[in-house]
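Chain naming here is simple, since letters A, B, ... match the order of the sequence lines and numbering starts at 1 in each.
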Number of protein chains: 2
Amino acid sequence: MNPEYVRHKPGTRVTATMVAKHAGVSVATVSLVVNDKFRGRVSPANVAKVRESIAELGYVVDRVASSLSKGSSDLIILIAPDISNPYFAGVIAGIKEVLADRYQLLLSVTDGGELPRAQEIKASLEFRPSALLIFAPNESFVLDVRGHAPMVLIDAPGMEHVAPTINIGIDSSAHLLRNHLMELGHRSFGYLDSVTGSRTFTLRREALMGELIASGGREPSPTDVQSVVEVDAACQAFLTAWPQWDAEGVTCVICATDIQAYGVIKGARELGLRIPEDLSVASFDNLSYSSISSPALTSVELPSIDLGRAAATHALALIEGDEVAVTHQVFAGELYVRESTGRPSR
Amino acid sequence: MNPEYVRHKPGTRVTATMVAKHAGVSVATVSLVVNDKFRGRVSPANVAKVRESIAELGYVVDRVASSLSKGSSDLIILIAPDISNPYFAGVIAGIKEVLADRYQLLLSVTDGGELPRAQEIKASLEFRPSALLIFAPNESFVLDVRGHAPMVLIDAPGMEHVAPTINIGIDSSAHLLRNHLMELGHRSFGYLDSVTGSRTFTLRREALMGELIASGGREPSPTDVQSVVEVDAACQAFLTAWPQWDAEGVTCVICATDIQAYGVIKGARELGLRIPEDLSVASFDNLSYSSISSPALTSVELPSIDLGRAAATHALALIEGDEVAVTHQVFAGELYVRESTGRPSR
DNA sequence: CTGTTAGCGCATTCAA
DNA sequence: TTGAATGCGCTAACAG
């Protein structure tokens with residue numbers, strides 16, 4: 001009961017026909033004006049009249065009808081598994097930078113910890129997007145969807161044969177981290193994985209643990225420790241796993257993401273463990289918070305903005321129909337050594 | 001030159017007509033089946049045939065045409081100023097929880113630090129959304145837009161007369177923080193604001209500084225210290241302001257957001273300032289990282305998930321056309337006192 | 001139960 | 001330079 005509100009009045013919508021009538025021209029003329037295609041096609045007088053009428057009536061183009069007519073919406077859809085990870089902010093920033101005003105970016109966010117499902121992708125396809133950017137898919141369902149719209153995969157190692165892919169240099173990152181940890185003298189490693197078994201995460205684990213074990217390290221049980229990408233969930237997972245890990249001599253815990261590493265730090269604090277004296281912690285992402293956490297976190301940078309930029313650039317090329325020479329790009333990250341890793345004291 | 005790719009082939013799109021022909025039925029029947037309205041209207045045999053054809057041909061509904069025909073898209077648009085603030089993740093989670101599968105959530109993200117502009121909102125309107133959720137607007141342009149679609153404002157203090165609004169209890173939050181800081185003995189306060197002069201931020205500052213000054217505190221120059229909501233930007237802003245603040249006896253810096261407080265912590269660390277002995281830091285948001293920062297951050301919780309839930313619930317009610325009794329909700333937050341605030345040593 | 005038909009609002013022919 | 005006509009693919013009302 002707030003009479004002062006201007007409530008939504010269905011049926012009140014202003015159409016091009018109404019504008020045309022108001023301006024004394026035809027719909028075609030209105031269309032030309034709103035689409036900025038009137039040069040040399042519409043008289044200045046009519047352009048002015050149409051613009052006045054648009055302003056006066058408060059007309060906005062119906063993009064739905066427009067898209068139907070044109071056969072495609074100027075929409076690029078990003079399907080991402082878990083926007084709660086601040087890592088995405090960087091990716092999104094990179095994408096938006098490239099798209100500018102040419103395309104609207106639509107985010108289709110799956111639920112926490114879930115992978116993009118076929119359903120999500122189908123639903124996105126319904127919008128007739130100009131292109132699809134899919135983050136960290138792991139299933140072959142992407143195959144079903146090919147051919148419907150230009151598609152670029154982001155952080156999808158092992159799927160380069162399916163569609164153009166922008167990847168993170170997991171192997172080189174893992175290598176950097178391994179060198180660092182082995183040099184410090186660690187030999188027994190716990191690993192906190194992400195629950196979204198997407199390929200990028202299994203690969204982070206495999207690449208790193210593979211290297212560590214090949215160098216003489218070992219991974220004690222439990223080996224299936226995982227959580228969603230949230231501080232508290234990761235903390236819980238760590239607290240549950242720690243007694244066994246501790247018994248088996250773990251001196252270093254590596255996490256799939258920085259956020260989870262924060263959870264481990266939190267858990268370690270609760271247990272009274274000193275970092276890095278009693279336990280070293282390292283992870284992937286290098287979020288900007290990692291330099292001010294307590295202790296500051298040793299982390300491998302995964303260049304988010306670059307990923308976004310490259311994916312968007314690639315998508316634009318596909319839309320334009322250009323033959324794209326490079327269909328697989330990899331961005332390598334750097335290792336940032338901070339306070340959370342040190343020599344094991346035992 | 002990757003021949004194995006299935007490239008996007010324009011014109012290949014499968015339509016309901018093709019499905020109908022393939023299944024030996026009419027388009028109307030296909031429509032009924034895909035929209036789950038076939039009970040008692042289509043024979044089981046035909047339902048099966050249609051479903052088979054859909055699977056075989058890989059048909060997906062054209063939501064654009066569907067929306068045009070129905071007169072409305074099942075789309076709810078969230079216009080947000082700065083998705084890089086992890087605070088949004090909570091809001092989005094709350095919204096998605098309520099919308100479930102009934103509506104698609106479209107995020108229209110403005111550029112870093114920018115407010116939702118009229119342009120953004122106009123562009124969103126073009127999609128014929130079922131509802132609009134607008135985060136932290138500050139301009140009266142919202143007035144121009146009223147009546148086009150159901151609209152709910154989030155974190156928009158002072159705009160309750162424009163549209164239904166879901167707010168944070170800034171006053172009570174400021175009050176809690178003031179009590180805490182005055183009790184500790186602080187009297188001279190620096191304030192690091194957000195650049196997006198949206199009403200929620202100016203209010204955070206006014207409410208808090210107003211109370212502090214009324215209680216005998218003071219705000220030294222510079223008073224216009226602000227940054228975007230990013231760690232490094234905030235760090236820079238702090239480093240620039242600090243010499244003067246220091247000279248004028250500032251013992252406590254308050255930030256508009258946790259992220260910015262992390263920047264202050266980072267800057268203080270660079271300067272060799274001990275927190276809280278030399279400087280206390282507090283802020284608004286209470287992100288989950290604030291409990292593991294170094295030092296852990298004293299912060300006022302602003303309940304993000306509740307905001308999202310309430311906004312979505314309200315939007316659904318507006319869409320259904322229900323007369324909504326409560327058009328203005330406020331969610332109060334709690335104060336979390338941690339290590340970053342203490343008695344001033346001078 | 002099923003098919004036919006008439007728009008939805010716009011962009012784009014094609015004539016004038 | 002302009003306007004009338006056609007169709008984008010689908011849904012809803014209707015007639016069968």
| message | Pick the closest DNA chain D nucleotide for A:S26 and for B:K70 by heavy atoms, then say which residue is nearer the 5' end. | response | A:S26
| request: Kindly say whether, by distance alone, the side chain of B:T29 makes a donor-acceptor pair under 3.5 Å with the base of C:dG3? | output: no
| field | Salt-bridge criterion met for B:E97 and B:R102 (N-O under 4.0 Å) | value | no
| said: Please compare A:S69 and B:R41 by the position of their nearest nucleotide in DNA chain C and report the one closer to 5'. | reply: B:R41
| Does a salt bridge link B:D62 with B:R13, judged by any charged N lying under 4.0 Å from a carboxylate O? | yes
| task | Would you classify A:R63 as touching base, sugar-phosphate or nothing, given that sugar-phosphate means primed atoms plus P, OP1 and OP2, and contacts are heavy atoms under 4.0 Å? | result | nothing
| Can you find a side chain N or O atom of B:N46 that sits less than 4.0 Å from OP1 or OP2 on C:dC1? | no
| field | Distance in angstrom units between A:L32 CG and C:dA11 P, rounded | value | 9 Å
| query | In terms of side-chain heavy atoms, does B:N46 have a donor or acceptor partner in B:T29 at a distance below 3.5 Å? | reply | no
| request: Determine the contact category for A:F38: base if any of its heavy atoms lies under 4.0 Å from a base atom, sugar-phosphate if only primed atoms, P, OP1 or OP2 are that close, otherwise nothing. | output: nothing
| request: Assess whether side-chain hydrogen bond (donor to acceptor under 3.5 Å, both in side chains) is satisfied between B:Q329 and B:D306, documenting all intermediate values. | output: CA-CA 10 Å; B:Q329 289 180 66; B:D306 291 330; over 6 Å; no
| So, is B:R39 near the phosphate of C:dC1, with a side-chain N or O under 4.0 Å from OP1 or OP2? | no
| task | Scan B:V25 against the nucleic acid and name what it touches under 4.0 Å (heavy atoms): base, sugar-phosphate only, or nothing. | result | sugar-phosphate
| message | Ignoring hydrogens and geometry beyond distance, is the side chain of A:T17 in donor-acceptor contact with the base of C:dG9 at under 3.5 Å? | response | no
| said: Taking only side-chain N and O atoms of A:R13, does any of them lie within less than 4.0 angstrom of OP1 or OP2 on C:dC8? | reply: no
| task | Could you tell me whether A:A16 contacts a base, only the sugar-phosphate backbone, or nothing, with contacts defined as non-hydrogen atoms closer than 4.0 Å? | result | sugar-phosphate
| query | Hey, does A:S31 reach any base, or is it just sugar-phosphate, or nothing, if we go heavy atoms under 4.0 Å? | reply | base
| Would you say C:dA11 has OP1 or OP2 under 4.0 Å from some side-chain N or O of A:N35? | yes
| said: Check this one for me: any side-chain N or O of B:S66 less than 4.0 Å away from OP1 or OP2 of D:dG9? | reply: no
| said: Using OP1 and OP2 only, check whether a side-chain N or O of B:K37 sits under 4.0 Å from D:dT11. | reply: no
| request: Would you mind reading off the distance between A:K49 atom NZ and D:dT1 atom P, rounded to a whole angstrom? | output: 15 Å
